[in-house]
Protein chains: 2
Amino acid sequence: MKTPKISEAVVRRLPVYLRYLQQLQDSNIRTVSSYELGQKLDMNPAQIRKDLAYFGEFGRKGIGYEVGYLVEKIKQILKIDRHLNCALIGAGHLGIALSNYNRFTQEKLCITAIFDNSVDKIGTEVGTIKIQPLDEIERTIQDRDILIGIITVPAPEAQKVADRLVGSGVKGILNFAPVSLRVPSHVSVRNADLTTELQTLAYYID
Amino acid sequence: MKTPKISEAVVRRLPVYLRYLQQLQDSNIRTVSSYELGQKLDMNPAQIRKDLAYFGEFGRKGIGYEVGYLVEKIKQILKIDRHLNCALIGAGHLGIALSNYNRFTQEKLCITAIFDNSVDKIGTEVGTIKIQPLDEIERTIQDRDILIGIITVPAPEAQKVADRLVGSGVKGILNFAPVSLRVPSHVSVRNADLTTELQTLAYYID
DNA sequence: TAGATTGTTAATCGATTAACAATC
DNA sequence: TAGATTGTTAATCGATTAACAATC
């Protein structure tokens, strides 16, 4: 997969395309044009074609895109065609919610370890995963080839947890804590902070 | 507040500034320069100054920004200096997590109604809020001046719920369901879909 | 005053959209 | 063939960054 230089904006749209294409698959729809995709996703068809064309020629002129083929290709591009293990740190309500949510929808991108420091929680199971103490972060991440950490601890602990994840070799962090994490440039961070989202939404009310 | 034409990129950065400024407030730091902010948030100082300057002259040349004053101003800009009621639809793990999360951190932007159709859940309380059946969405939203809906129902139900929220007069939707919602242009939607975030993150691994 | 830092203009950079030849 | 739709180039639009006069 040769990548000239793909902007984050493009990468963020790929999962949106994928999600809708999978819906089409479920409805047994075989082909789709950029025009139809644009209609449904409220996007410019030229943008969709251009986004896809960064990665290859996936369509056929005069016909459109073959849904199943495009689904596979986007999965390859996003690297979710192979297993990718995630660790969740913080087994509060949000953490538990995510580990359930995750189990049902994403088999290849799944949470394989959960950590929390509460004595009540250590040793109990969420689905099939036993909650471990934070002491075991480093060893477990290395042993189980975990490359992504999901942070759902309270804000004051988030940076410390991030440092330990980075130190253990994690390559990406999904951060639900309301702080700006500082990590080395070889580690990617995505923020998913409810407060930030709600505040942004508030701006547009009225 | 005169607004020439503010891009979403700018609006999305304001809560990030706010969050860090509030941290400075907690540390009793009185003033801060765009350079310092840029260092901590990993952003270009010129961008920070420009973002703020869209809304007024909040700083002092040679000095920087007064933290407390800037916090108040950003709150005003985002319209989170006044009460804004939210309804949560879907009292699953994620929904419960959000209603707790929310209660602690945001007094003015708070969840004041929770809906679910599960017989087990209706009538039980989350914090101080009683879970109501979906039947009561329209009446409750109108009676309580709810302007924001937070959707945490399963994907297949999300569009139906969105339609009902819009029909009841909601102006903004925070959508946690993995679907692209279709709403009229006077309603704002923000998507907070874990799957999309994780898939985007996967692209950057290795 | 000298040093620091804003607000803002101008320059650069990048992303989106339009247009169209290629072709199914 | 005629109509449809891609992939891609060129044009447009918008966002970020640099630079600096104003001024605390």
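Sequence lines set the chain letters: A, B, ... in the order given, protein chains first and strands last, and positions in each chain run from 1.
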* Asked: Would one find a side-chain N or O of A:Arg49 under 4.0 angstrom from OP1 or OP2 of D:dA4?
  -> no

* Asked: Rounding to a whole Å, what distance do you find between A:Glu8:CD and C:dT16:P?
  -> 12 Å

* Structure fact -> For C:dC13, the nucleotide meeting Watson-Crick or G-U wobble distances (both under 3.5 Å) is D:dG14

* Rounded distance in Å - CG (A:Leu52) to P (D:dT8) -> 12 Å

* Are side-chain heavy atoms of A:Leu18 and A:Lys75 found at a separation under 4.5 Å? -> yes

* Who is the Watson-Crick or G-U wobble partner of D:dC24, with both distances under 3.5 Å? -> C:dG3

* Asked: Rounded to whole angstrom units, what separation is found between the CZ atom of A:Arg60 and the P atom of C:dA22?
  -> 20 Å

* Whole-Å gap separating P (C:dT6) and CD (B:Gln47) -> 14 Å

* Is a salt bridge present between B:Glu66 and B:Lys73, judged by a nitrogen-to-oxygen distance below 4.0 Å? -> no

* With a 3.5 Å cut-off and no angle check, do the side chains of B:Arg144 and B:Thr112 form a donor-acceptor pair? -> no

* Asked: Which of these passes side-chain contact (heavy atoms from CB on, under 4.5 Å) with A:Tyr17: A:Val32, A:Leu37, A:Ile48?
  -> A:Ile48

* First encountered from the 5' end of DNA chain D, between A:Gly62 and A:Ala46 -> A:Gly62

* To do: For the side chain of A:Arg13, starting at C-beta, report the closest nucleotide among C:dT16, D:dT8, D:dT16.
  => C:dT16

* For A:Ile48 and C:dA18, give me the distance from atom CD1 to atom P, rounded to whole Å. => 13 Å

* To do: Take atom CD of A:Gln39 and atom C1' of D:dT5, then tell me their distance rounded to the nearest Å.
  => 15 Å

* Between D:dT8, C:dC24, C:dT5, spot the one nearest the side chain of A:Lys61, thanks. => C:dC24

* To do: Would you tell me whether A:Asp163 and A:Gln159 have side-chain atoms, one donor and one acceptor, within less than 3.5 Å of each other?
  => yes

* Counting any heavy atom closer than 4.0 Å, what does B:Tyr65 reach on the DNA or RNA strands: base, sugar-phosphate only, or nothing? -> sugar-phosphate

* Asked: What's the NZ-C1' distance between A:Lys50 and D:dT12, to the nearest Å?
  -> 13 Å

* Closer than 4.0 Å, any side-chain N/O of B:Ser34 to the OP1 or OP2 of C:dT5? -> no

* **Interatomic distance where CD1 belongs to A:Ile63 and C1' belongs to D:dT6 [whole Å]** => 10 Å

* Are B:Ser7 and D:dA15 close enough that a side-chain N or O sits under 4.0 Å from OP1 or OP2? -> yes

